[in-house]
Undergrad: 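Structure below; questions to follow.
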Amino acid sequence: MRVMIVGGAGAMGQTVASTAAGFDEVTELVILDRDEDRAQALVNSLGSKAHCVRFDATDDDLTAHLGGVDAVVSTLGPFTIFGRPVLEAVLEAGCTYLDINDDWEPTVDVLKLDEAARKAGVTAVIGMGASPGVSNVLATRAVTELDEVHDLVTGWALAGTTSPPSGATPSAAAMHLVHQCTGTIQAVENGRSAQVRPLQLLRLDYPNLGPIDVRTVGHPEAITLPRRFPGLRRCVNVMAGPGWWFDRLATLMDQVDTGALSMHDAACTIERGFAKPVDSPRTLHAPGLWAWARGLREGQQRTAAVGLNRWPPGEMAGATGIPAAVVLQMLLRREVSGPGVVTPEDVVPFDLLMERLDPYYQFPVAGSVPLFTVVAQGGHSH
């Protein structure tokens, strides 16, 4: 099948491309990117399956490149700008679609294209990276430990968020963090969807680990998981890490919110790093990626969590791009399907995803520990 990766020369796109190039289902791989040198270097590393086309999403017509394409993967950010236009072009062409959108606002926007996708007979999987993506599927597993779910939280550790140099300063990842930690974010609080301030401090009792302090951040999971699990009292996405780091971040984000500092300058400051206090306390480490649920089982309060124990190579690019490529292969094999605009928790089975990710997730040591652990406390064991 002919697969196109939009923004394929970026760090995330390169990982999707290098992973998908190894799939028998992919007979041709087209890399669209405005950086011709990076795109050509990628193609040279992938072999005869791949070729590249210069494409600048701000000026060029994507539709003109979609003839004969079976599936499109978009790694082109920011999705606040390019998310909807790319998906609309793909729907017009009738291609299968997958992206790694991790901004909540365009998630709300593209979900409105569900009816158009259904009419076109297109399966469009949005937000299939690490978080969102794998995190959503972990959440579906955590919920199976409960008869009734009240609180559903997806989280990730700061330690797993570094990315290879992209050439841009500041990086898209740093700009994304600033955007999702300023202004307001959408979450479910007290049973209602609401616009709330980010970086709220929450303390979660993680089974078999203990209390961990986390901070809320804007992300699509808080938009999409309540669609799958209606009636939630709380649904948020959170970051886990050192308290001193979040204190520095909160001060910086306050300056952005008051207009004293631009988002660009704040992102540059984050990339330069914060000085660690000499007296900083030890941080209790959460898994790199996890989902936490609280509710009832057999009438008693129960807490359950599912966390990954291993991580793929390539830092955040690997953790995002490899799951995207793996689910692309599921789509090409018709192991998952819509139609419509769907999210990972809608269509990706937990067991199948874990099975397919297992060979890629090699750290700390391949096979030394299970890929994931399910833990629960309270209620009755089973």
Side-chain angles (χ1 to χ4, degrees), residues 12 73-74 79 83 97-108 110-111 114 123-146 149 151-157 160-161 180 185-188 193 214 216-232 234-240 286-295 304-308 312 316 319-328 330-331 335-338 340-357 361 371-372 374:
M12 309 298 166
V73 179
S74 179
F79 283 89
Y97 175 84
L98 181 145
D99 71 32
I100 59 168
N101 171 34
D102 58 356
D103 288 303
W104 70 267
E105 300 97 328
T107 298
V108 173
V110 299
L111 284 170
D114 178 60
T123 299
V125 182
I126 60 171
M128 188 55 239
S131 172
V134 177
S135 60
N136 305 56
V137 183
L138 296 178
T140 66
R141 177 62 182 86
V143 166
T144 64
E145 295 292 313
L146 307 173
V149 58
D151 303 318
L152 190 54
V153 178
T154 50
W156 40 276
T161 60
Q180 298 298 343
I185 62 173
Q186 189 164 323
V188 175
S193 180
V214 296
T216 59
V217 60
H219 246 228
E221 291 97 322
I223 306 297
T224 66
L225 285 169
R227 298 166 70 247
R228 171 72 187 274
F229 305 106
L232 292 174
R234 168 179 279 165
C235 187
V236 291
N237 182 253
V238 299
M239 306 176 283
L289 190 65
W290 46 275
W292 178 95
R294 183 168 60 191
V306 186
L308 295 187
M316 183 49 64
T320 302
I322 289 172
V326 162
V327 175
L328 166 67
M330 293 180 193
L331 287 164
E335 294 172 320
V336 300
S337 63
V341 177
V342 295
T343 59
E345 64 267 35
D346 293 328
V347 296
V348 180
F350 172 82
D351 289 336
L352 182 61
L353 181 63
M354 294 299 106
E355 174 190 323
R356 298 290 168 79
L357 291 182
Y361 281 54
L371 176 57
F372 65 91
V374 181

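A quick note: this is a predicted structure, and the numbers were derived from the prediction, not measured.
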Undergrad: Indicate yes or no: at least one non-hydrogen side-chain atom of V336 is less than 4.5 angstrom from one of P349.
TA: yes
Undergrad: Would a 4.5 Å heavy-atom cut-off, applied to side chains only, mark T140 and F229 as touching?
TA: yes
Undergrad: Tabulate below the donor-acceptor pairs under 3.5 Å that side-chain atoms of residues 124-131 make, not counting sequence neighbours, or state none.
TA:
from, atom 1, to, atom 2, distance (Å)
S131, OG, H219, ND1, 3.2
S131, OG, E221, OE2, 2.5
S131, OG, N237, ND2, 3.4

Undergrad: Can you see which heavy atom on P226 is nearest to which on L232, and at what distance?
TA: CA-CD1, 4.1 Å
Undergrad: Could you grab the distance from atom CG of L357 to atom CG of L371, nearest 0.5 Å is fine?
TA: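 With rounding to 0.5 Å, CG (L357) is 6.5 Å from CG (L371).
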Undergrad: Within a 6.0 Å radius of atom CZ on R228, are there more than 12 heavy atoms belonging to other residues, nucleotides or ligands?
TA: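 Enclosed: over 12 neighbouring heavy atoms sit under 6.0 Å from CZ of R228.
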Undergrad: Begin with the C-alpha distance, continue with both residues' side-chain angles, and end with the deciding distance and a verdict on side-chain hydrogen bond (donor to acceptor under 3.5 Å, both in side chains) for T144 and R141.
TA: CA-CA 5 Å; T144 64; R141 177 62 182 86; 2.7 Å; yes
Undergrad: Can you give me the closest heavy-atom contact between A142 and A293, atom names plus distance?
TA: CB-CB, 4.1 Å
Undergrad: First locate atom OG1 of T320, then atom CE of M12, and finally report the distance between them rounded to the nearest 0.5 Å.
TA: 4.5 Å
Undergrad: Keeping the roles fixed (side chain from D102, backbone from P132), state whether a donor-acceptor pair exists under 3.5 Å.
TA: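 Checked: no pair found.
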Undergrad: Identify the two heavy atoms, one from Y361 and one from A319, that lie closest to each other, and give their separation to 0.1 Å.
TA: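 Taking every non-hydrogen atom into account, OH-O, 3.9 Å.
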Undergrad: Hey, does I185 have a side-chain heavy atom less than 4.5 Å from the side chain of V217?
TA: no
Undergrad: I'd like to check the side chain to side chain contact (heavy atoms under 4.5 Å, CB included) partners of A139; sequence neighbours left out, ordered by chain and number.
TA: L152, T154, L225, A291
Undergrad: Let me see the working for V238 and W290 under side chain to side chain contact (heavy atoms under 4.5 Å, CB included), right down to the final yes or no.
TA: CA-CA 10 Å; V238 299; W290 46 275; 3.6 Å; yes
Undergrad: Begin with the C-alpha distance, continue with both residues' side-chain angles, and end with the deciding distance and a verdict on side chain to side chain contact (heavy atoms under 4.5 Å, CB included) for F79 and T107.
TA: CA-CA 9 Å; F79 283 89; T107 298; over 6 Å; no
Undergrad: Do the non-hydrogen side-chain atoms of V347 and S337 ever get within less than 4.5 Å of each other?
TA: no
Undergrad: How close do S74 and Y97 get, heavy atom to heavy atom, and via which atoms?
TA: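 Between these two residues, the closest heavy atoms are CB-OH, 3.7 Å.
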Undergrad: Between I223 and L111, is any pair of side-chain heavy atoms under 4.5 Å apart?
TA: yes
Undergrad: Could you state the interatomic distance from CG (L289) to CZ (F372), rounded to the nearest 0.5 Å?
TA: 13.5 Å
Undergrad: Roughly how far, to the nearest 0.5 Å, is the CE atom of M330 from the CG atom of L352?
TA: 4.0 Å
Undergrad: Taking all atoms of both residues into account, what is the closest heavy-atom pair of C235 and A222, and its distance?
TA: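 Closest approach of C235 to A222, heavy atoms only: O-CB, 3.6 Å.
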Undergrad: Considering non-hydrogen atoms only, spot the tightest contact between G295 and L146 and give its length.
TA: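 Minimum heavy-atom contact is N-CD1, 3.7 Å.
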Undergrad: Compare all side-chain heavy atoms of D151 with those of W292 and state whether any distance is below 4.5 angstrom.
TA: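 Answer yes - side chains close enough.
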Undergrad: Could you check whether any side-chain heavy atom of L308 comes within less than 4.5 Å of a side-chain heavy atom of M354, counting everything from C-beta outward?
TA: yes
Undergrad: Side chains of Q186 and E105: does their closest heavy-atom pair fall under 4.5 Å?
TA: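 They are not in contact (no side-chain heavy atoms under 4.5 Å apart), so the answer is no.
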